[in-house]
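One structure is given below, encoded as structure tokens.
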Amino acid sequence: MIDAIFTYEFLQNAFGAGLIIGVIAPLLGVFIVVRRLSLIADALSHVTLAGIAGSLYLSQSVAVFSALNPLFLGIAASVGGSVLIERLRTLYKHYEELAIPIILSAGIGFGAIFISLAQGFSNDLFGYLFGSVSAVSREDLLIVVAIAIVVLAFIVIFFKELFVLSFDDEYAKASGLPAKWIHFMFMIVTALVIAGSMRIVGILLVSSLMTIPVAAAMRVSKSFKQTITLSIIFGEASVIAGLISAFYFDLAPGGTIVVTSILLLLLVLIYKKIAVSVKRGAIA
């Protein structure tokens, strides 16, 4: 496997992008889960699907779009969806959760229309839905690197503000933090991560990589920073094991990555249950 990575460029691209996504997706996922915004990842992933399907359709009907990487329209759609979610959350102040199913439904609807216009599923679209080891280009890898730089810079610069907003939104607003703008930027960064992850994990499964490693980490961590660290470790383990399984068994990497993360979650839950039982027995 190691020899193949050094031999084939597409494997270098896939593993490079996968290792980066294994860090930034769970890292951002910790804040998403703590803020109870897990469904936003699903909504934006479906909006991204609409952008990808639209790009594939345009590449068939408009010559100028044939050379355009579909990832760019996917990113534009995802960012646009995040802006619309924020706008709708402002309009429905007492029913903010309505924004998520509205945008999710719009993404599914436009995605279905563009897929039918593009005459159904193609190999390219299937790869975007469930991930593909061989489809990750050097351009895709560079885009993921650029997104990772933006995400890490945002987290480092606004870590304290994000921490306060995640646990006490009212206190953050009362203390004078620009909560609205920070949340707006957080949504855009989330959209970028979702769009950048779809080549490896797939549009329909990317939200799993942002939430399942976090769910596992939360069961055994003792602090917020430890949750972040363990989430990244579980995320990286899922990506590495998933990509290796996908390579050897010729499977969609998105599926193998998500199944691996679920198995890790189950192992953590079993470990936690055994640890609690042992502790109770020692006390008794």
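For this chain, numbers begin at 1 and follow the sequence in order.
Note that CD1 of Ile85 and CG of Leu44 are 4.5 Å apart. Values are rounded to the nearest 0.5 Å. Distance check, rounded to the nearest 0.5 Å: CG of Leu269 to CG of Leu264 gives 11.0 Å. Once rounded to the nearest 0.5 Å, the distance linking CG of Leu177 with CZ of Phe158 reads 10.5 Å. Interatomic distance, Ser45 OG to Ile52 CD1, rounded to the nearest 0.5 Å: 12.0 Å. Note that CD1 of Ile240 and CZ of Phe15 are 8.0 Å apart. Values are rounded to the nearest 0.5 Å. Here the CE-CZ distance, from Met187 to Arg89, works out to 7.0 Å after rounding to the nearest 0.5 Å.
For the pair Ile155/Val189, no side-chain contact is recorded, criterion being any heavy-atom separation below 4.5 Å from C-beta on. Residues Phe72 and Ile143 form a side-chain contact, since some pair of their non-hydrogen atoms from C-beta on lies under 4.5 Å apart. Leu56 is not listed as a side-chain neighbour of Ile115, based on a closest heavy-atom distance of 4.5 Å or more.
Residue-environment remark: OH (Tyr57) stays at or below the threshold of 12 foreign heavy atoms within 6.0 Å. Annotation: Phe159, atom CZ; neighbour count of heavy atoms from other residues, nucleotides and ligands within 6.0 Å is above 12. Atom CZ of Arg219 sits in a sparse spot, with 12 or fewer heavy atoms from other residues, nucleotides or ligands closer than 6.0 Å. When the shell of 6.0 Å around CZ of Arg138 is examined, it contains more than 12 heavy atoms from other residues, nucleotides or ligands.
Inspection of the Ser238 and Ser261 side chains reveals no N or O donor paired with an N or O acceptor under 3.5 Å. In this model, a donor atom of one side chain and an acceptor atom of the other lie less than 3.5 Å apart for Asn69 and Asp140.
In terms of heavy atoms, Ala77 sits closest to Gly51 at CB-CA, 3.7 Å. Contact record, Thr48 with Gly74: CG2-O, 3.7 Å, taken as the closest heavy-atom pair. Here the closest heavy-atom approach between residue Ser55 and residue Pro70 is recorded as OG-CA, 3.2 Å. Closest of all the heavy-atom pairs between Ile20 and Ala148 is CG2-CB, 3.4 Å. Taking all atoms of both residues into account, the shortest heavy-atom contact from Phe110 to Ala50 is CB-CB, 3.8 Å. Heavy-atom minimum distance, Leu205 versus Gly254: CD1-C, 3.3 Å.
Under a hydrophobic-cluster definition in which Ile, Leu, Val, Met, Phe, Trp and Tyr are linked whenever side-chain heavy atoms come within less than 4.5 Å, directly or via other members, Val220 and Val34 are assigned to different clusters. Hydrophobic clustering of Ile, Leu, Val, Met, Phe, Trp and Tyr side chains at less than 4.5 Å, counting indirect connections, unites Leu19 with Leu192. Ile194 and Val23 fall within a single hydrophobic cluster, where Ile, Leu, Val, Met, Phe, Trp and Tyr side chains are chained together by heavy-atom contacts under 4.5 Å. Note: the hydrophobic cluster containing Phe130 also contains Ile244 (ILVMFWY, side chain heavy atoms under 4.5 Å, direct or indirect links). Linking ILVMFWY side-chain heavy atoms closer than 4.5 Å, directly or via other members, places Ile102 and Leu104 in two distinct hydrophobic clusters.
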*Full working for side-chain contact (heavy atoms from CB on, under 4.5 Å) between Ile32 and Val214*: CA-CA 10 Å; Ile32 290 174; Val214 180; over 6 Å; no
_Using the rule given for side-chain contact (heavy atoms from CB on, under 4.5 Å), can you reason through Ile200 versus Leu243, listing the C-alpha separation, both sets of side-chain angles and the distance that settles it, and then say yes or no?_
CA-CA 9 Å; Ile200 292 294; Leu243 286 177; 4.2 Å; yes
*asked:* With side-chain contact (heavy atoms from CB on, under 4.5 Å) as the criterion, how do Val268 and Phe234 come out once you've worked through the C-alpha distance, each side chain's angles and the decisive distance to 0.1 Å?
replied: CA-CA 10 Å; Val268 168; Phe234 290 144; 3.8 Å; yes
*asked:* Working note: Arg35 + Ile40, criterion side-chain contact (heavy atoms from CB on, under 4.5 Å); need CA distance, chi angles, decisive distance, verdict.
replied: CA-CA 11 Å; Arg35 300 182 70 179; Ile40 282 181; over 6 Å; no
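Ring pair Phe154/Phe186 is tilted by interplanar angle, where 30° to 60° counts as tilted. Note on ring orientation: taking the six-membered ring where Trp is involved, the planes of Phe163 and Phe167 are tilted (angle from 30° to 60°).
Looking only at distances, a side-chain donor or acceptor of Asn13 sits under 3.5 Å from a matching main-chain atom of Val136. With hydrogens and angles ignored, the 3.5 Å screen pairs no side-chain donor or acceptor of Ser78 with any backbone N or O of Ile75.
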